[in-house]
Q: 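The following block contains the structure, expressed as structure tokens.
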2 protein chains.
Amino acid sequence: MRMFPAMRVKISGLDPHQQYYIAMDIVPVDNKRYRYVYHSSKWMVAGNADSPVPPRVYIHPDSPASGETWMRQVISFDKLKLTNNELDDQGHIILHSMHKYQPRVHVIRKDCGDDLSPIKPVPTGEGVKAFSFPETVFTTVTAYQNQQITRLKIDRNPFAKGFRDSGRNRMGLEALVESYAFWRPSLRTLTFEDIPGIPKQGISNANFG
Amino acid sequence: MRMFPAMRVKISGLDPHQQYYIAMDIVPVDNKRYRYVYHSSKWMVAGNADSPVPPRVYIHPDSPASGETWMRQVISFDKLKLTNNELDDQGHIILHSMHKYQPRVHVIRKDCGDDLSPIKPVPTGEGVKAFSFPETVFTTVTAYQNQQITRLKIDRNPFAKGFRDSGRNRMGLEALVESYAFWRPSLRTLTFEDIPGIPKQGISNANFG
DNA sequence: TAATTGACACCTAGGTGTTAAAGT
DNA sequence: ACTTTAACACCTAGGTGTCAATTA
């Protein structure tokens, strides 16, 4: 299933006439498995992480494109797909449920992307830069653990329109959205000269339903 | 709109470990404009062709891929889109209505595809091969000129299911399908050593509705 | 007990020919 | 008189959370 809300970034500092691939992968934040404690509304450590899964990379469908093209548009990863099926053969990114993950954006010069593949780790070295935004760390689930996440998904995802209660109290939602850095700024800026100042902490959430 | 029925080909003779792009373009068969004479069921010359349109190329979405990958599957061009809008900015292939056209399949070695672009002519030379199947020549229309084509489209295109008359006499259809080489063989074989023997004549049809 | 799966109704998104109206 | 366009109902294809059943 798709990751929602999706990562969206703007890029500056590229060579306008150079061709680049842009890709995303998702790496474990730590070696732990988590459980959600409802009465304290917190994720707590619940043992060690499951064994690693096959590496997968989402190559942005506009790739390859010129620096000019990439910089002119907002780059959205809304078609990136996640799965908890370790035997997946459709190129989806494989994750364990109840673990914490960090999405990363990779900018790869075309001449360095020769062994770029959806089923191999992203290459490193000259001509490849990686960006992580800590406020986009999220915890995977197969069923939502609190009603705020459910409301965020239903109210903001067009495909969940059928579950919207138009008479619902919107007061609580606005405050909620504020607290989810992953959602509100919703648009990060990547620079090749500088990574923006320390971002505020936030949590987002993806499910495997 | 999409071309229907779509071109489908199988390829042999590629280097399994070489990367290739596969593309399609559509070129005028002659310099004439046509009209359909209903009582004789024939296309007749009706003047000279309209002025040329901007060149467009459909790059198969699986491109680039290895020779092994291309040869293992049937290569379908069912997502190729046509338009009669000369100002089109969505990369569709631009054609004039009431003209005759020939689709061409291009196989391009990756290292020869550096200036391959949806809005530039297909490169020629070493490492690029083009294939034309005369039985896939078709005449463009904005409204169907005979009921046989309408029936072929409705009966074979999944998206036209709503117009199917399940009680319809199927006898006529089978004979019709036989006469449309573009539809029946429906799968052409491209070889790098040899182009198959002279194909039988046929007509297909695309509309701009 | 907690986590996961699959059938389901309800959406978005977009591909059909039909038809009436407009264009040439 | 013929060609083209745009609104329309009817499809395919696939993305939602829900809920009941299943799994571990």
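Letters go in sequence order (proteins before strands), and every chain restarts at 1.
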Q: Considering only C:dT16, D:dT4, C:dA3, which nucleotide approaches the side chain of B:R2 most closely?
A: C:dT16
Q: So what does B:K81 hit on the nucleic acid, given a heavy-atom distance under 4.0 Å: a base, only sugar-phosphate, or nothing?
A: sugar-phosphate
Q: Whole angstroms only, please: what is the NZ-P distance between B:K79 and C:dA13?
A: 18 Å
Q: With a 4.5 Å cut-off on side-chain heavy atoms, are B:T142 and B:S97 touching?
A: yes
Q: Return the value, rounded to whole Å, for the distance between atom CE of A:M44 and atom C1' of C:dA2.
A: 17 Å
Q: Side-chain donor-acceptor pair under 3.5 Å between A:T136 and A:Q102, yes or no?
A: yes
Q: On the nucleotide C:dA3, are OP1 or OP2 found under 4.0 Å from the side-chain N or O atoms that A:N84 carries?
A: no
Q: Calculate the interatomic distance between B:H99 atom NE2 and D:dT4 atom C1'; express it in whole Å.
A: 14 Å
Q: If you assign each of B:Y34 and A:A160 to its closest nucleotide in DNA chain D, which residue comes earlier from the 5' end?
A: B:Y34
Q: Identify which nucleotide among D:dT18, C:dT5, C:dG17 has an atom closest to any side-chain atom of A:T150, counting heavy atoms from C-beta outward.
A: D:dT18
Q: Please compare B:F159 and A:N157 by the position of their nearest nucleotide in DNA chain D and report the one closer to 5'.
A: B:F159
Q: Among the candidates D:dT18, C:dT4, C:dG15, find the nucleotide nearest to the side-chain atoms of A:S97.
A: C:dT4
Q: Before we go on, tell me: are the rings of A:H60 and A:F77 under 6.0 Å apart, centre to centre?
A: yes
Q: What is the separation between atom CZ on B:F163 and atom C1' on D:dT12, rounded to the nearest whole Å?
A: 13 Å
Q: Between B:K161 (NZ) and D:dC11 (P), how many Å, whole number?
A: 9 Å
Q: Under a plain distance cut-off of 3.5 Å, with no hydrogens placed, do A:N84 and A:H96 share a side-chain donor-acceptor pair?
A: no
Q: Would you kindly give the CG-to-P distance between A:N85 and C:dT5, to the nearest whole Å?
A: 8 Å
Q: A:Y36 has an atom OH; how far is it from atom P of C:dA2, in whole Å?
A: 14 Å
Q: Rounded to the nearest Å, what distance is computed from the CD1 atom of residue A:I149 to the C1' atom of nucleotide D:dG17?
A: 14 Å
Q: Hey, are B:T83 and B:N85 close enough side-chain-wise for a donor-acceptor pair under 3.5 Å?
A: no
